[in-house]
Every structure is written in structure tokens, then in C-alpha cells.
Amino acid sequence: MTALSREQVRISRRIALVLRHRPEAAGLTLDANGWVPVDDLLAALGIARAELDAVVEHNDKSRFAVARRDDGADWIRASQGHSRRVAVDLDLPPADPPAVLFHGTPRVNLTSIMSEGLRSRSRHHVHLSPDVPTALIVGRRRSADVAVLRVAAGELAAAGHLFHRSANGVWLTTEVPARYLRLERTSP
Ligand code: HQG
């Protein structure tokens, strides 16, 4: 997998904004499961199919999924990360998480998280990473001073909390109470 060029990162961000947060700003309506016709997205953003394909294929996190429907038309959606204000049901089956998952966050959030747990805030879900390196990358999006939390996902699932795994390997759940969290490490 080659890295995206600067221009492709820009396009990827625009697509993510439309497919996760503000479809109406581009004049688009997502279907119930978050899909839009690729042709409609291309027209709305003024980009070529080859540009879109390069962004989808070389995306470091496989943020977008493309699927061909019976009539031959390709549809696209974001695999996870939608705003709560966008009514999307990803329709993912419940999945058994591994015993332990991780969550990377700016260290300044620690006190609050350790008192009230992990909240989904503006998104549909709390996002959990399968390993520490991935959690560090997620946390570093927001700060150089990152804490990685260890989530007792197996115990949480046993207590009845539902988990889903997105097409690109992000674990999703609605909340994580503080008692299921431990500080794994910090990282400057
Ligand atoms: C924090 C990216 C204080 C939480 C990533 C996070 C992910 C609290 C922030 C995806 C809190 C929300 C999602 C509490 C949660 N007190 N802070 N009680 N509960 N927080 O962006 O997990 O690159 O909505 O720790 O890779 O950072 O865009 O969530 O720092 O998969 O494709 O509130 O977005 O994907 O931030 O990231 P976000 P996230 P992309």
C-alpha cells in the first residue's frame, strides 16, 4: 500500500466529511445504512472516478467501502466514524471482542474519562483499537501527549454490552464505564 499524496489526503478528508458528518452540505442523502451512489459523490465533489479509486485503495485505514449493486451501480460509504447527527445504521452484526482492546486519547482527558468512562460524544460509538500502536496513532491525531487505556472488552461483553467490528477493524461500542478501564501507558 502506497501512502496518499497530499492532494489525495485532502480529497479523503472531504469524502470523510460528506460521508460521516455533513452529507447535506454536498447535496447528498445517505441511505439508511450510510451508502450513496459513487457517481453522485463524484458529481457533488467534482472529482474523477480514478481519483476516488486511488483514495479508497491507498487509504491507510480503509475508511471507505465500495460495493456494487445488482443493477451494476457502485455505492460507497464510510466504514465507521459517523456523527450522531447523521442517522446511519451500519447494520453490523454483533461481534465477540477480544479480551482486551485499547483506546488512545490526549492525556488531558484522563481525569474525566477515569471518572465518567468513555463516552461516544458526537459520534455513534466509542472507537476502540485492537492494539497499542493503533491506539497511539488515534490519540496523536489530537495531541502529542497521549494516554493509552486498556479496555476489559471481554468483561464488558460478558456484562451485556454489544460490540461491533467495522469493515476496517475498528471496534465499536456505545460506552465504556470507568471500571473497565486501566491506564496502559502514556506517550509524549
Ligand atoms: C474523548 C478516527 C473526556 C475520546 C480514529 C476522544 C477513530 C472523553 C474524544 C475515530 C471522554 C472523541 C474516532 C470523557 C471520550 N471525558 N474525553 N468521558 N470520553 N473522550 O474523534 O476515538 O482517522 O470522536 O478519548 O482513528 O478519537 O477519522 O473519537 O479523544 O477510529 O478515520 O473524546 O476517528 O478515524 O474524539 O476517534 P473522536 P476517537 P479517522
Side-chain angles (χ1 to χ4, degrees), residues 1 3-6 8-23 25 30 34 41 45 52 54-66 76-88 90 92 95 97-98 100-153 156 161 163-188:
M1 186 165 60
L4 294 185
S5 68
R6 194 176 294 240
Q8 287 170 329
V9 169
R10 211 177 58 81
I11 292 173
S12 177
R13 293 221 170 105
R14 287 176 68 204
I15 296 173
L17 181 68
V18 168
L19 295 183
R20 289 172 168 175
H21 308 299
R22 298 193 57 80
L30 309 183
L41 182 68
L45 296 183
L52 176 92
V55 165
V56 170
E57 187 183 337
H58 299 305
N59 204 285
D60 56 346
K61 271 185 66 185
S62 306
R63 287 182 180 83
F64 312 113
V66 173
I76 185 169
R77 77 172 179 184
S79 293
Q80 33 70 225
H82 300 80
S83 290
R84 199 195 290 264
R85 57 178 288 283
V86 179
V88 163
L90 290 175
L92 297 170
V100 171
L101 289 167
F102 300 92
H103 180 85
T105 190
R107 206 200 298 222
V108 299
N109 293 338
L110 263 188
T111 311
S112 161
I113 291 175
M114 284 313 198
S115 101
E116 62 181 39
L118 281 173
R119 301 256 175 93
S120 63
R121 302 194 138 186
S122 62
R123 306 208 195 227
H124 287 247
H125 297 100
V126 170
H127 292 220
L128 303 174
S129 305
D131 50 56
V132 172
T134 308
L136 283 170
I137 292 169
V138 173
R140 285 190 183 125
R141 287 157 49 242
R142 296 178 185 283
S143 168
D145 193 6
V146 168
V148 173
L149 298 163
R150 163 188 284 258
V151 181
L156 200 52
H161 287 247
F163 283 77
H164 306 279
R165 190 176 172 278
S166 72
N168 58 340
V170 178
W171 284 91
L172 308 170
T173 193
T174 47
E175 51 146 3
V176 180
R179 64 182 177 281
Y180 295 93
L181 297 168
R182 293 282 176 275
L183 180 61
E184 172 77 10
R185 62 169 284 186
T186 54
S187 158

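Along the sequence shown, residues are numbered consecutively beginning with 1. Whatever order the structure lists them in is the order used to number ligands and atoms, beginning at 1.
- To the nearest 0.5 Å, the span separating NE2 on H103 from OG on S129 amounts to 8.0 Å.
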Between V138 and F102, does the side chain to side chain contact (heavy atoms under 4.5 Å, CB included) criterion hold? Intermediate values first, please. CA-CA 10 Å; V138 173; F102 300 92; over 6 Å; no
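- Close approach to E116 involves these atoms of ligand 1, each under 4.0 Å from a residue heavy atom: 14 (C), 16 (N), 18 (N).
- Crowding of R85 atom CZ: a count of heavy atoms from other residues, nucleotides or ligands under 6.0 Å exceeding 12.
- Here the straight-line distance linking atom CD of Q80 with atom CZ of R165 works out to 11.0 Å at 0.5 Å rounding.
- Summarising the geometry, atom OG belonging to S62 is positioned 10.0 Å from atom CD belonging to E57; distances are rounded to the nearest 0.5 Å.
- Residue P106 has at least one heavy-atom neighbour below 4.0 Å for each of these atoms of ligand 1: 30 (O).
- At the shortest separation from atom 4 (C) of ligand 1 among protein heavy atoms lies H103 NE2, 3.4 Å.
- Counting only heavy atoms of the protein, atom 27 (O) of ligand 1 lies nearest to R141 NH1, 3.0 Å.
- If you check which protein heavy atom lies closest to atom 16 (N) of ligand 1, you get S112 OG, 2.5 Å.
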Would you give me the side-chain donor-acceptor pairs under 3.5 Å for residues 177-188, sequence neighbours excluded?
{"from": "E184", "atom 1": "OE1", "to": "R150", "atom 2": "NE", "distance (Å)": "2.7"}
{"from": "E184", "atom 1": "OE1", "to": "R150", "atom 2": "NH2", "distance (Å)": "3.2"}
{"from": "S187", "atom 1": "OG", "to": "R140", "atom 2": "NH2", "distance (Å)": "2.7"}

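- For N168 and S166, the side-chain atoms include at least one donor-acceptor pair closer than 3.5 Å.
- Distance CG/L19 to CG/L41: 5.5 Å, rounded to 0.5 Å.
- Of the protein's non-hydrogen atoms, the one nearest atom 7 (C) of ligand 1 is H127 ND1, 3.5 Å.
- Scanning the protein for heavy atoms near atom 23 (O) of ligand 1, the closest one is R63 NH2, 3.0 Å.
- The distance criterion of under 3.5 Å between nitrogen or oxygen atoms is met by G117 with respect to ligand 1.
- In the vicinity of Q80, heavy-atom distances shorter than 4.0 Å reach the ligand 1 atoms 31 (O).
- Protein heavy atom nearest atom 30 (O) of ligand 1, with residue, atom name and distance: T105 OG1, 3.2 Å.
- Among protein heavy atoms, atom 26 (O) of ligand 1 sits closest to K61 NZ, 2.4 Å.
- Atom 11 (C) of ligand 1 has its closest protein heavy atom at I113 CG1, 3.5 Å.
- At under 3.5 Å, a nitrogen or oxygen of R119, whether backbone or side chain, sits near a nitrogen or oxygen of ligand 1.
- When the heavy-atom distances from atom 38 (P) of ligand 1 to R142, R121, R20 are ranked, the shortest goes to R142.
- Summarising the geometry, atom CZ belonging to R14 is positioned 5.0 Å from atom CG belonging to L45; distances are rounded to the nearest 0.5 Å.
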